[in-house]
Every structure is written in structure tokens, then in C-alpha cells.
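The structure under discussion appears below in the form of C-alpha cells.
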Protein chains: 2
Amino acid sequence: MKRLKRYRELITYSAAMAILLLLVRWLEFKFVLLQNQYDIYIGLIAVLFLLFGIWLAGKLTEPKINTVVVEKEIRIPESEFVLNEKELAERKISKRELEVLTLMAQGMSNKEIAEKLFVSLNTVKTHSANLFEKLEAKRRTQAIETAKKLHLLPGTLG
Amino acid sequence: MKRLKRYRELITYSAAMAILLLLVRWLEFKFVLLQNQYDIYIGLIAVLFLLFGIWLAGKLTEPKINTVVVEKEIRIPESEFVLNEKELAERKISKRELEVLTLMAQGMSNKEIAEKLFVSLNTVKTHSANLFEKLEAKRRTQAIETAKKLHLLPGTLG
DNA sequence: GAACAAGTCATCCTTTAGGGTGATTTTGTT
DNA sequence: AACAAAATCACCCTAAAGGATGACTTGTTC
């Protein structure tokens, strides 16, 4: 069964060829009397084989595939925050300092930060003082702005 | 010039046809003596036109267009800042206040802001006090954070 | 012209932030 | 164990920020 299917094309072509040749024979027989004007006969043969060739080509040649690549733009909403660890290392800002900085940026007072981190107010002050030096800032607001520009803090949190 | 290009295909086919017919004529002349065995001639014609048909088919068949959609990711650099005027109006924040808020967010002290705006330090303090009330903030850092969340200030300026 | 909002400035007072210095403890590394 | 960095805390003092209140001017609206 599989073999039959496999050779179906070949059989089809052979059959077509046979029919064509039969047709040629028939035409030959029909126009045998008017040999002087066998131009018509030739013409018919030509047309027939031309058509046969076209049909055959359609069957034989693999279809031309013209691949058109259409680029579709997909928008990515936001580029999420990635901590600039290089900058963090270069300025030698410690984890605890960054922690304090983050809470600062959220609008907390030193006292609130101290309570949140379970340390004394003085400790927070020390951390903030170190931060200002490392960030070359005079005030906490400036430190926050600089830190955001350096990607040490997300632009807007929440 | 454009027309010439437009009919190039047609001309090509016509030329091919002409050459083929010339070939046929030449064959006719060549085999005119052996008319009794013009089977060969017929066969040649058949083969020629068969090939011509195959060639023609290849030229004529329009290619299958295979459209491949490639999704290309496009990162939007920044979603530019648009002032939330609704929020601004609802909270009744004046132009001057917003101005002070902006400079605050840039890390400037009240004194610096006063100098920049050519007003007294007390005026800046009044503005900031009003801002804190309108933004329900206790500190300038908190006011800045809130303002950024409400899109009254750009996330990161500069 | 009365009422109102915005902007300006002042004074008094309290709280918070920040600068400077020194010291102790914890922790990780060699 | 020795060392360095990080984290902790304290004290003193100044500067800046913030709260509360009142006052004056200007421009707009009704």
C-alpha cells in the first residue's frame, strides 16, 4: 500500500506520457493524407508538449517559496531597576549605609530609621554622615538624588 | 525606460519563442530530405517544446509568499514625564509651590532655593510648609517621594 | 468694593539634620 | 591570633528644617 502511494507520481507521469503519445499517433494517423500541410500537425504537437511541459513543471518543481520577514515591534513596558554594584563598590558604600539611604529616600527621619533598624539615632547619623561624604552630598535630599542618578536607588519605589 | 522594464518579461518570452520557432524551421530544412522518417523530427519538436514548457512554467508560476513574523523587542528608553495636572489641581498646589518642590527634589536647601527664586528664606519656608500639608508629608524627603509617586515630579531628573 | 487665592515676608520657637571627634564591638579575612 | 572593615554608640555644637501665627500686596472674581 505504501509502495503504491510512493510510486503514484511516477505512475501519473507515465500515464500522462502514454496518453500524449497515443494522441500523437492518432494525430499522425488523422493527418497522414495531408502530408503537404503537416505544419498544423507540428504546431499541434508543439502546443501539446508545451502544455504538457508546463503541467509537468508544476508537478515536478518544488514550489517557489518567497520568505518575507516582517519585523513586529514588541514594546517592553519598563526597564526594571538593577543596582549599580560597580558604583556601589567604587564609593565603598556598605550594606548598612545603603539600607539607611533607602529608608531616607522613602522619606523617613533619622529617628524613624533608627527605630526600624533597631539601632541608636547616633548610629544612623554616623551612617548618613558617611553617605554624604561618599556621595559628595551636602544634604540628604541631594544624596538621594545623586544615588538615584547613579542607580543605587530605584527612580521611584512602590 | 520604465516601460522597457515593465515589458521585459514579455520580451524575454517572445524572444525565447522566436528562437524556438527558428530552431524548428532549421530542423525542418535539415530533415526535409528524409520525410519518410520524420518521426525523429516530431520527437525533437516534442522534446524541445516539453523543455520549453517546463522552463516557461518555472518563469510563469508566481512564487508562494511565505510570511514569517519575527517579533522584535524594542526597549523604550524612558517614558517621558507628564505632569499630573489633575492631582496638582485637586491638592491646590500653586505654581510657585511646585517650583519650590522641584528645586527641593534637586537637593537644594531652603536658602539656596530662596536665592535662586529671589525671595526671602521665610517665603520658601512658607511654601514648603504649605507643600507638606498639601502632600500630607512630615518632611521634605517624604514630600518629594509622594510628589514623584503622584507624577508631580519626574522620577529622576537630568 | 468685598471676598478670595496666591505670593510675599516676619517672628518665635521646637525639632531635626549635619559636622567633628573619639571609642567600642562585631565580623570576615588572612 | 592578628588585622581591617563594618557597625555600633556617645557627646558637643551649629545649621537647617519645620510648626504656628500674623501681616501685607496683588490680581481675580462676583
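Chain identifiers are assigned alphabetically (A, B, ...) following the order of the sequence lines, protein sequences preceding nucleic acid strands; residue numbering begins at 1 within each chain. Values in this document were obtained by computation on a predicted structure and should not be read as measured data.
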* Asked: Using a cut-off of 4.0 Å on non-hydrogen atoms, how would the nucleic acid contact of Ser128(B) be classed: base, sugar-phosphate, or nothing?
  -> nothing

* Rounded off to whole Å, could you give me the CG-to-C1' distance for the Leu98(A) and dA6(D) pair? => 14 Å

* Take the protein atom CG of Asn130(A) and the nucleotide atom C1' of dA7(D), then report the distance between them rounded to whole Å. => 10 Å

* Asked: Would you say Lys148(B)'s side chain and Gly155(B)'s backbone share a donor-acceptor pair under 3.5 angstrom?
  -> yes

* Asked: Rounded to the Å, how far apart are Leu131(B) CG and dA20(D) P?
  -> 16 Å

* Asked: Do the non-hydrogen side-chain atoms of Lys116(B) and Leu103(B) ever get within less than 4.5 Å of each other?
  -> yes

* Structure fact -> Between CG of Asn110(A) and C1' of dA10(D) the distance, given in whole Å, is 16 Å

* Are any of His127(A)'s side-chain N or O atoms less than 4.0 Å away from OP1 or OP2 of dT8(D)? -> yes

* Spacing between Asn122(B) atom CG and dT21(D) atom P, to the nearest angstrom -> 17 Å

* To do: Considering only heavy atoms of chain A and a distance under 4.0 Å, specify the first and last nucleotide of DNA chain C in 5' to 3' order that meet this criterion.
  => dA17(C) to dG19(C)

* Map Lys92(B) and Lys125(B) onto DNA chain C by nearest heavy atom, then report which one ends up closer to the 5' terminus. => Lys92(B)

* **Below 4.0 Å: OP1/OP2 of dG18(D) and any side-chain N or O of Arg140(B)** => yes

* **Linked, directly or transitively: Leu98(A) and Leu131(A) (ILVMFWY side chains, under 4.5 Å)** => yes

* Answer yes if the side chains of Thr123(B) and Ser120(B) hold a donor-acceptor pair under 3.5 Å, and no otherwise. => yes

* Asked: On DNA chain D, nearest-nucleotide positions of Val119(A) versus Lys134(A): which is more 5'?
  -> Lys134(A)

* Toward the 5' end of DNA chain C, by each residue's nearest nucleotide, Thr123(B) or Thr141(A) -> Thr123(B)

* Asked: So Glu112(A) and Arg139(B), salt bridge (Lys or Arg N to Asp or Glu O under 4.0 Å) or not? Walk me through it.
  -> CA-CA 12 Å; Glu112(A) 287 171 337; Arg139(B) 283 165 286 283; 2.8 Å; yes

* Structure fact -> To the nearest angstrom, the CZ-P distance between Arg91(A) and dA6(D) comes to 16 Å

